[in-house]
Amino acid sequence: MRKKVLQILAKHIDKPIVLEKPKDRSFGHYATPIAFSLAKELRKSPMIIADELANIFKGEEIFENVEAVKGYINFKLSENFLDEYATWALKNEEKFGADFKDENILLEFVSANPTGPLHIGHARGAVIGDALSRIGKHLGYTITKEYYINDAGNQIYLLGLSIYLAGREKILKLETKWPQEYYRGEYIIELAKEAANYFGSEIFVDEAFIPKLSTWAKEKMMELIKADLKRVGIEFDTFISEKELQEKWPKVLEILEKAGAVYHKDGKVWLKSTQFGDEKDRVVVREDGRPTYLAGDIIYHYEKFKRGYDRYINIWGADHHGYIARVKAAIRFLGYDADKLEIILAQMVSLLKGGEPYKMSKRAGNFILMSDVVEDIGADALRFMFLSKKADTHLEFDVDLLKKEDSSNPVYYINYAHARVNSIFEKAGKNFEDVYDVELKDIKEDAKNLLFISLLLPEVIEDAFEKRELQKVTDYLKVLASEFHRFYNEHKVIGSQEEDKLLKLFSVTALSIRVGLRLLGIEAKKRM
RNA sequence: GUCCCGGUAGCUCAGCAGGAUAGAGCAUCGGAUUCCUAAUCCGAAGGUCGUGGGUUCGAAUCCCGCCCGGGACACCA
């Protein structure tokens, strides 16, 4: 709808047009303050310009009215236009809000180390990435969801070591000296028990078996992570293993050497990342010849760019923000366009429990498991909670609140609206299809308003995707549900003279809720 | 010290490519059910938009300084 209005405006105004929704809907469906900015160059008062423009657009069919008020131009869409759009949408649910964006996007997210189950912090990135992909696909983008597995490096050894020590202590009942760094938490003990079953408890006798434990455990952990994700409805298209990429390091290093991107100092190899705005140069190969973690990421991004996508989106934890500059620098050195890489930082999630905030750390073992929260509040509520806040701001919530199953949980509120519509149709003994072709003519102002809001979904999801701000979708659904509930309370549908018209109106609302929720990975409930 | 995020109603947060009287949810108080699910709705109360300057016809929104809170600043991943 918005696009249509903009198209018409562009026919007569040769300037970027700001089109907004008036705060007070009685002004109209859309409005533009364009007259203010034109005032200067035309040397006329905004009021006069607005008046003139309003007259030009009055003839357009899609408008019922165009008015100039205090310099603003307000547009009211015609009933006929809204009705035609609604009918089309009802008959083409799959296409409602869909678009034909032609871009191939690689979306990398979660990528949690396979050293433990997913915690609530991972869940945020996971849910955002998944919803982004669903919405993007609906808009026509081709999106590949990728998980980068950090299965090389010290943390994998630590995982094996932790299990080894846990096995010694809990199973062999030996006195165990724990190092400063190791993985804590119940799951390590569980793994030790499982390992004892699988390998026999001799595995805990000799340190030499640690690598064996590591390799075994990391596979176990990936299985666990995949299962955790699946429970929230998230699946990946591709998994890339850091370990498997490692062999390509000599080749990548050679390219960097040729590009003059690295130099040798103190027996190490440094990346000249300062050349592209990093604070300091970074070590990519240590004195003993082992590549650093950054080297792994350089290979990974080299491989990514070689695969030739139009755009790359990484969702990282906010603690990686300092990392962006060096990775982008490496990409430039490798001859690729680093601007194609976009990083979404998912900020910290603070959980409150009993009013006490507490930090989450996988290392320390006092983290909240994503799977636990899912069990408490359900995958839908979990998804909705994360999607209703911007990714890059700190999020704080109380676990106890999430456990509540009442109207303070917006996902119930929205579902209830959807369920109510279904219930009315049931009571009326009608199907959605029965009212598709009912003409919405001479409907009351508040009905037209609900119709308009119901039809806003397409522009909302497009805006949300382009800005990478998915909370716009959840906000919209909350508003839509609220408008619906209000209307529902004020009007009796069944038996009224306008029964069919209102049923059609409600089915458009339900459609929007259903499609909107689906794009967030939540299935709308028909009955509650 | 440098960098990132934030500071808007009692709480959690929208709004921020400048624009019409600053919004929502929760909490508080008051009300609505002979009728399609009250898991709902209506109303009231509640704000120097951290602070000081600047730009502008117009600033919560843009620019600069300062204050406060959180986080990041590895040859760990």
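Chain naming here is simple, since letters A, B, ... match the order of the sequence lines and numbering starts at 1 in each.
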Classify the nucleic acid contact of [X] as base, sugar-phosphate or nothing, counting any heavy atom under 4.0 Å across all strands shown.
X        : result
A:Ser423 : base
A:His394 : base
A:Pro46  : nothing
A:Ala31  : base
A:Asn422 : nothing
A:Ala419 : base
A:Lys430 : nothing
A:Tyr323 : base

Taking the [atom1] atom of each, how far is [N] from [M], in whole Å?
N     : M     : atom1 : answer
B:C73 : B:C66 : C1'   : 23 Å
B:G6  : B:A17 : P     : 13 Å
B:C36 : B:A24 : C1'   : 28 Å
B:U48 : B:A22 : C1'   : 13 Å
B:A20 : B:C49 : P     : 16 Å
B:C26 : B:A39 : C1'   : 16 Å
B:C64 : B:G25 : C1'   : 36 Å
B:C57 : B:C4  : P     : 31 Å

Can you check the [X] [atom1] to [N] [atom2] distance for me, whole Å?
X        : N     : atom1 : atom2 : value
A:Met385 : B:C13 : CE    : C1'   : 12 Å
A:Gln347 : B:G6  : CD    : C1'   : 9 Å
A:Ile149 : B:A77 : CD1   : C1'   : 15 Å
A:Tyr413 : B:A39 : OH    : C1'   : 11 Å
A:His485 : B:U33 : NE2   : P     : 20 Å
A:His491 : B:C41 : NE2   : C1'   : 12 Å
A:Leu345 : B:G6  : CG    : P     : 11 Å
A:Lys492 : B:U33 : NZ    : C1'   : 13 Å

**OP:** Would you kindly check whether a donor in the side chain of A:Asp297 faces an acceptor in the base of B:A77, or vice versa, at under 3.5 angstrom?
**Re:** no
Side chain of [X]: nearest nucleotide among [options]?
X        : options             : answer
A:Lys389 : B:C36, B:A74, B:C13 : B:C13
A:Asn489 : B:C41, B:A20, B:C35 : B:C41
A:Asp475 : B:A20, B:C41, B:A14 : B:A14
A:Asn154 : B:A77, B:A20, B:A72 : B:A77
A:Tyr488 : B:A77, B:A20, B:A38 : B:A38
A:Lys70  : B:U21, B:C4, B:C36  : B:U21
A:Tyr412 : B:A39, B:A20, B:C35 : B:A39
A:Ile424 : B:C36, B:A20, B:C41 : B:C36

RNA chain B: A:Pro291 or A:Lys526, which has the more 5' nearest nucleotide?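 The residue mapped nearer the 5' terminus is A:Lys526.
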- Return the 5'-most residue of the pair A:Arg282, A:Asn150 with respect to RNA chain B, ranking by each residue's nearest nucleotide.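 Comparing both residues, the 5'-ward one is A:Arg282.
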Return the nucleotide paired to [N]: Watson-Crick means purine N1 to pyrimidine N3 with N6-O4 or O6-N4, wobble means G-U with N1-O2 and O6-N3, both under 3.5 Å.
N     : result
B:C3  : B:G71
B:G43 : B:C29
B:A24 : B:U12
B:C62 : B:G54

For a quick test of reading the model: is some side-chain N or O of [X] closer than 4.0 Å to OP1 or OP2 of [N]?
X        : N     : answer
A:Arg486 : B:C42 : yes
A:Thr393 : B:G71 : no
A:Arg420 : B:A38 : yes

Distance alone, cut at 3.5 Å: any donor-acceptor contact between the side chains of [X] and [Y]?
X        : Y        : result
A:Glu146 : A:Tyr300 : yes
A:His301 : A:Asn314 : yes
A:Ser388 : A:Thr474 : no

Can you check nucleotides 15-18 of chain B for protein contacts, nitrogen or oxygen pairs under 3.5 Å, and list what you find?
{"from": "B:G15", "atom 1": "OP1", "to": "A:Gln471", "atom 2": "NE2", "distance (Å)": "3.4"}
{"from": "B:G15", "atom 1": "OP2", "to": "A:Lys390", "atom 2": "NZ", "distance (Å)": "3.3"}
{"from": "B:C16", "atom 1": "N4", "to": "A:Lys390", "atom 2": "NZ", "distance (Å)": "3.4"}

With a sphere of 6.0 Å drawn around [atom1] of [X], does it hold more than 12 non-hydrogen atoms of other residues, nucleotides or ligands?
X        : atom1 : value
A:Glu433 : CD    : yes
A:Lys243 : NZ    : no
A:Glu342 : CD    : yes

By side-chain contact (heavy atoms from CB on, under 4.5 Å), A:Asn65 pairs with (sequence neighbours left out) A:Lys58, A:Glu67, A:Lys76
Item to complete: Kindly state whether the ring of A:Tyr30 and the ring of A:Phe452 have centres lying under 6.0 angstrom apart.
Response: yes
>> For the base of B:A20 and the side-chain ring of A:Phe27, does the geometry meet a stacking cutoff of under 5.5 Å between centres and under 30° between planes?
In response: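 Here A:Phe27 meets both the 5.5 Å and the 30° conditions.
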(Q) Check A:Asp278 with A:Arg282, please: is the shortest side-chain N to carboxylate O separation under 4.0 Å? (A) yes
Indicate every side-chain donor-acceptor pair of residues 315-331 of chain A with a distance under 3.5 Å to a residue at least two apart or in another chain.
{"from": "A:Tyr323", "atom 1": "OH", "to": "A:Leu294", "atom 2": "N", "distance (Å)": "3.4"}
{"from": "A:Arg326", "atom 1": "NH2", "to": "A:Gly322", "atom 2": "O", "distance (Å)": "3.3"}
{"from": "A:Lys328", "atom 1": "NZ", "to": "A:Leu341", "atom 2": "O", "distance (Å)": "2.9"}

Check: With under 30° as parallel and over 60° as perpendicular, where do the rings of A:Phe506 and A:Phe487 fit, or are they tilted in between?
Finding: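 Ring orientation of A:Phe506 relative to A:Phe487: perpendicular.
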